[in-house]
There are 2 protein chains.
Amino acid sequence: MSEDSFRSTCPISSCLDLYGDKWTLLVVRDLLYHGSRTFKDFLESDEHISSARLAERLKKLERLEALTKENHPTNKKVFIYKLTQKGKDLAPAIVELIAWGNKYLVEHVSEESKAFAKNLELNKEGVLKELMK
Amino acid sequence: MSEDSFRSTCPISSCLDLYGDKWTLLVVRDLLYHGSRTFKDFLESDEHISSARLAERLKKLERLEALTKENHPTNKKVFIYKLTQKGKDLAPAIVELIAWGNKYLVEHVSEESKAFAKNLELNKEGVLKELMK
DNA sequence: ATTTTCACTTTCAATTTGGAATCAAAAATA
DNA sequence: TATTTTTGATTCCAAATTGAAAGTGAAAAT
């Protein structure tokens, strides 16, 4: 499952080699929505990733250069994670998952998400620009 | 990992509950590119899915109504798999993975895929319409 | 000085995977 | 008609991955 053993030369397959699991894109999602996050912030998201899995995914995304890890300005034990351009460029794919989910999982998705998806329908470019800025 | 145990009400997380693995979207990919496929066709794709895993994924996608399974018109032991609208509607997300892969995995992706991604850049609507028809 | 917080790491049972072998029915071939 | 091959799976199992809980060590808060 490491990034240097792609199954084929297909870009879809290769993206799945990198991001095809249940957690990696949720880390990216949190950073798209919030700009920056700490380890604790990620742990507190609704899906409750285990700290072992979170540490693994953060390491992988850092190695892929999809995110960066910086020191907190005043607190020495806290680190700030942020997306790089490479990470931000996953936004278009993620946003299409939101659209699909909003269309086919209506009765299951939160009202907040529905409102977000509605904005997306009306102004995809604008929403994307805001997410990726 | 079943579709009736979502981790949260987030549409991204829920899509990953359904499609967040290394194989499911490759089955969808094959159907987007080829329109219809048999069990054997899927097995022969470059990534070489095992027949156990393929059977599992096909069952899941059928249960989700992302694809249908029909009898072959003349050969009783062959089945024809096709995407439903629900399955075709995954195309926009998949296509954005192609764009990402083409941008960040240049030296790894096939020339054929690069040509496809170039068309996508020039005419996303047209390419999508063709894929989803 | 002590307790709490934060960012991990360790451990390990349970789940999921990949790969090979096997199966039954239908089709093709001899 | 008999037998071989093809197709679409299923079975088996070792290896890899996951989830959950507990532990660690350093820094911050009390």
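Owing to the predicted nature of the structure, the values given are computational and were not obtained by experimental measurement. So that the names make sense, note that chain A is the first sequence line, chain B the second, and so on, each numbered from 1.
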Nearest-nucleotide comparison on DNA chain C, the residue closer to the 5′ end among A:Leu58 and A:Arg7: A:Leu58

Nearest-Å distance for atom pair CD1/P, residues A:Ile49 and D:dG19: 8 Å

Pair A:Glu56 + A:Lys59: basic N to acidic O under 4.0 Å: no

Any side-chain donor near an acceptor of the partner, A:Thr38 and A:Asp41, under 3.5 Å: yes

D:dT10 OP1/OP2 closer than 4.0 Å to side-chain N/O of B:Lys59: yes

B:Leu16 CG - D:dG19 P separation (whole Å): 12 Å

Side chain of B:Asn75 - closest among D:dT18, C:dT10, C:dA27: C:dA27

Short N-O contact, A:Glu96 and A:Lys124, less than 4.0 angstrom: yes

Atom-pair distance (CD on B:Glu56; C1' on C:dT16), nearest Å: 8 Å

Length of the CG-C1' vector between A:Leu43 and C:dA7, whole Å: 9 Å

Side chain of A:Trp23 - closest among D:dT18, C:dT17, C:dG19: D:dT18

Shortest side-chain distance from A:Ser51, nucleotide among C:dT17, D:dA21, D:dA9: D:dA21

B:Ile80 CD1 - D:dA9 P separation (whole Å): 12 Å

NZ/NE/NH1/NH2 to OD/OE distance under 4.0 Å, B:Arg53 and B:Asp21: no

Salt bridge A:Glu121-A:Lys118, side-chain N to carboxylate O under 4.0 Å: no

Nucleotide D:dT7, atom C1' - distance to CG of B:Asn71 in whole Å: 14 Å

Minimum-distance nucleotide to A:Lys76 side chain [options: C:dT9, D:dT18, D:dA27]: D:dA27

Integer-rounded Å distance: D:dT7 P and B:Leu54 CG: 14 Å

Among C:dA7, C:dG18, D:dA20, the one nearest B:Arg53 by side-chain distance: C:dG18

Listed nucleotide nearest any side-chain atom of A:Val78, set D:dT7, C:dC6, D:dA20: C:dC6

Nearest-neighbour nucleotide for the A:Thr38 side chain, D:dG8, C:dA7, C:dA26 considered: C:dA7

Candidate nucleotides D:dA9, D:dA28, C:dA26, ranked by approach to the side chain of B:Phe39 - the nearest: D:dA9

Length of the line joining A:Asp21:CG and D:dT17:P, which is rounded to integer Å: 11 Å

Sugar-phosphate only, base, or nothing, as touched by A:Tyr81 at under 4.0 Å among non-hydrogen atoms: sugar-phosphate

Close side-chain approach of A:Val27 and A:Leu67, heavy atoms under 4.5 Å: yes

Per A:Ser50 side chain, nearest of listed nucleotides D:dT7, D:dG19, D:dT18: D:dG19

Any B:Lys40 side-chain N or O less than 4.0 Å from OP1/OP2 of D:dG8: no

